[in-house]
**Q** 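Dropping a structure here in structure tokens format, bear with me for questions.
Protein chains get the first letters and strands the later ones, always in sequence-line order, with residue 1 at the start of each. Because the structure is predicted, anything quoted here is derived from the model rather than measured. Side chains included, hydrogens not; waters and symmetry mates left out as well; all remaining heavy atoms used.
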Protein chains: 2
Amino acid sequence: MVGIREIAKRANVSISTASYAINGSSKVKTETRDRILAIANELNYIPNMAGRTLKKQKTNLIGVYLTNYGGAFYGELVSGIHDFLHQHHYDVIICSSERAHTFIPEKMVDGAIILDSTFSTEKIESYAARGHQMVVLDRELSHQNVCSVLLDNRGGAKKALLALEKKVTKKIYLVTGPPGTYDSNERLAAAKKCLEERKLSYEVILGDFSKESGRQAAREILQKSEKEVGIFCLNDEMAIGMYSVFQKSNWKIGKDIHIVGFDNIEVTHYLRPRLTTIDYSKSDWGKAAAEKIYFMLNGKQPSNQLVDVKLKGGKSVGSI
Amino acid sequence: MVGIREIAKRANVSISTASYAINGSSKVKTETRDRILAIANELNYIPNMAGRTLKKQKTNLIGVYLTNYGGAFYGELVSGIHDFLHQHHYDVIICSSERAHTFIPEKMVDGAIILDSTFSTEKIESYAARGHQMVVLDRELSHQNVCSVLLDNRGGAKKALLALEKKVTKKIYLVTGPPGTYDSNERLAAAKKCLEERKLSYEVILGDFSKESGRQAAREILQKSEKEVGIFCLNDEMAIGMYSVFQKSNWKIGKDIHIVGFDNIEVTHYLRPRLTTIDYSKSDWGKAAAEKIYFMLNGKQPSNQLVDVKLKGGKSVGSI
DNA sequence: CTGTTAGCGCCTTCAG
DNA sequence: CTGAAGGCGCTAACAG
């Protein structure tokens, strides 16, 4: 491997001069700098990350922790994060295994953005206590070194139910995500509250945010219920699963049964009838998270933030 | 930050003894090791990545380069990669920006798996020339330090056309991916060859593997053509886009028009009629890639590999 | 079994 | 404007 000393030797300068030249310091005559850079270039010199990191104690890397990586909306979210951070000279790596959590205390990344329910809150807190800075997207967490950017789950749930209530007289089903998930809990709590205030009859079905659990919930509803019910699927994935079951039944979506999802993931645009769902900008969400971590790394203390959501009308909620 | 010297001091041992203890060397009495580990634990010691890397010249990290990250099948692919590499004590990071390419020569990663058409072949070759090892999933590339795991695109194209030919008399359209993309080129070449051998009439429409380009192609076909045509979409995404256009027309998929895709991405399972497509195991693909890079890093010279594909029948190719 | 020591590659203060 | 030197945190000969 060709290192900085090699370049210094060939250019007949000291190591430090070579370093200055490479890092564009004004301490070197333009002339010598150009000569050094030419040699570096010729030798295909590329600085070694570990060496630089060890000295600078900074990697300019942000770790983005995602699970269920194949899931639907990560692409846009990550783009939003990338776009902002690149402009501010940070690189982004996506990490999706538990072992990668240690990158944070190992100082392989300068900061982290976390949307990963397998990343325990205790661990996050212990890292925060060590002085590492993080932005969380999937839980509330109050700490000097942690800041959150959360969806307005409660607002979204209300909007979803408002849309359903208008069309449904008999019963409303709430299909949840995995127990303990923040987003699911919030949406469920807000939905229950909303329904109870209006004294509407409802039932909760446990799901896990997967298409398969949507299918199961749909089968359960078909068996135990009559037509003219409404379903608030706490995410779109499950709604997709439901479609495949109802479309094989004699219940017509948007007529016998009304469905609202959450997330407005792109593939739902190809469902027929089009799914009514709760929409928000994934890239804005990512951008907000990126901004927060950037500010934190620069000594500011940003406040938590809520991401707006709105109802996206489809035909899965129709007239009775 | 608490470092190894701090631990050594508190334990009244030398730095090296502390290091040995922490790394589980048998050179230390069990008793002293336990004592040292206890102290390390108490101080919440976590080794610094840069320091270790600088010394060992090895990160145990594999970079996986993906673009169009939101795309459909990356989840399974990445799982396949993860599963294998974790068992062999490597961690995986996903990189999706051009700037991250330099992680390879900077030695931030020990090796790379590349499925990213924005990663130029010249760059890959130059890194290979520097001694870095890579596995490519989206091009042919012959080099000591590069090895490829490719889909059997040609076989898949043949199978797709075989399915179409049986049902279509009039004309077959081939809708391509972005020009210059290996997978698209291969599928297209094989499809053309196949059709020419059988003297069937066909037409090529330029796409770019996106849903939107599928929609455009569908509109074009609606305008210029009569019913009873067949379409080989060189990937599923475009087929999905087509569905949305044809479903608004009076052409019935599987009857007036026959469609075959490529990839068998999960969301096509929710299309009606179900899409006929070319299927392969994404996780096996990832696993194969992971194995290759692992073997290469351990001094073996694995051979290139082809991933089997097969026809997955749906109802988008029906009887006329 | 344990301690001493010499770097890994790079940056940066301090002299010159 | 340039050079010498120290050190970031850790490992691994080599001595003891």
**Q** Is any side-chain N or O of A:Ser19 closer than 4.0 Å to OP1 or OP2 of C:dC11?
**A** yes
**Q** Would B:Ser148 and B:Arg139 count as having a side-chain donor-acceptor pair, cut-off 3.5 Å?
**A** no
**Q** How is A:Lys27 classified with respect to the nucleic acid when contacts are heavy atoms under 4.0 Å: base, sugar-phosphate, or nothing?
**A** base
**Q** Is the CD atom of B:Glu31 crowded by more than 12 outside heavy atoms at less than 6.0 Å?
**A** no
**Q** Any side-chain N or O of B:Gln57 less than 4.0 Å from the OP1 or OP2 oxygen of C:dG9?
**A** yes
**Q** Counting any heavy atom closer than 4.0 Å, what does A:Thr53 reach on the DNA or RNA strands: base, sugar-phosphate only, or nothing?
**A** nothing
**Q** Need to verify one output field. Residue with the more 5' nearest nucleotide on DNA chain C, B:Arg33 or B:Lys55?
**A** B:Arg33
**Q** A:Met1 near the nucleic acid: base, sugar-phosphate alone, or nothing, with a heavy-atom cut-off under 4.0 Å?
**A** sugar-phosphate
**Q** Hey, does the side-chain of B:Ser16 have a donor or acceptor N/O within less than 3.5 Å of a partner on the base of C:dT4?
**A** yes
**Q** Do the numbers put B:Lys292 on top of the ring of B:Tyr294, so that NZ or CZ is under 6.0 Å from the six-membered ring centre and no more than 45° off the axis?
**A** no
**Q** What is the separation between atom CZ on B:Arg52 and atom C1' on C:dG9, rounded to the nearest whole Å?
**A** 18 Å
**Q** Give the angle between the helix axes at the two ends of the helix from C:dC1-D:dG16 to C:dG16-D:dC1, taking five base pairs at each end and rounding to 10°.
**A** 40°
**Q** Scan side-chain atoms only and decide if A:Ser19 and A:Ser16 contain a donor-acceptor pair under the 3.5 Å cut-off.
**A** no
**Q** Between B:Arg5 (CZ) and D:dG6 (P), how many Å, whole number?
**A** 15 Å
**Q** For the residue pair B:Tyr127 and B:His132, does the interplanar ring angle fall in the parallel (under 30°), tilted (30 to 60°) or perpendicular (over 60°) class?
**A** perpendicular
**Q** Is A:Asn48 near enough to C:dC8 that one of its side-chain N or O atoms lies under 4.0 angstrom from OP1 or OP2?
**A** no
**Q** Can you find a side-chain donor-acceptor pair between B:Tyr280 and B:Asp263 that sits under 3.5 Å?
**A** yes
**Q** Is it true that B:Tyr90 and B:His86 have ring centroids separated by less than 6.0 Å?
**A** no
**Q** Considering just the side-chain nitrogens and oxygens of B:Thr32, establish if one lies under 4.0 Å of OP1 or OP2 belonging to C:dT2.
**A** yes
**Q** Examine D:dT2: is either OP1 or OP2 under 4.0 Å from a nitrogen or oxygen in the side chain of A:Thr17? Give yes or no.
**A** no
**Q** Ignoring hydrogens and geometry beyond distance, is the side chain of B:Tyr20 in donor-acceptor contact with the base of C:dT4 at under 3.5 Å?
**A** no
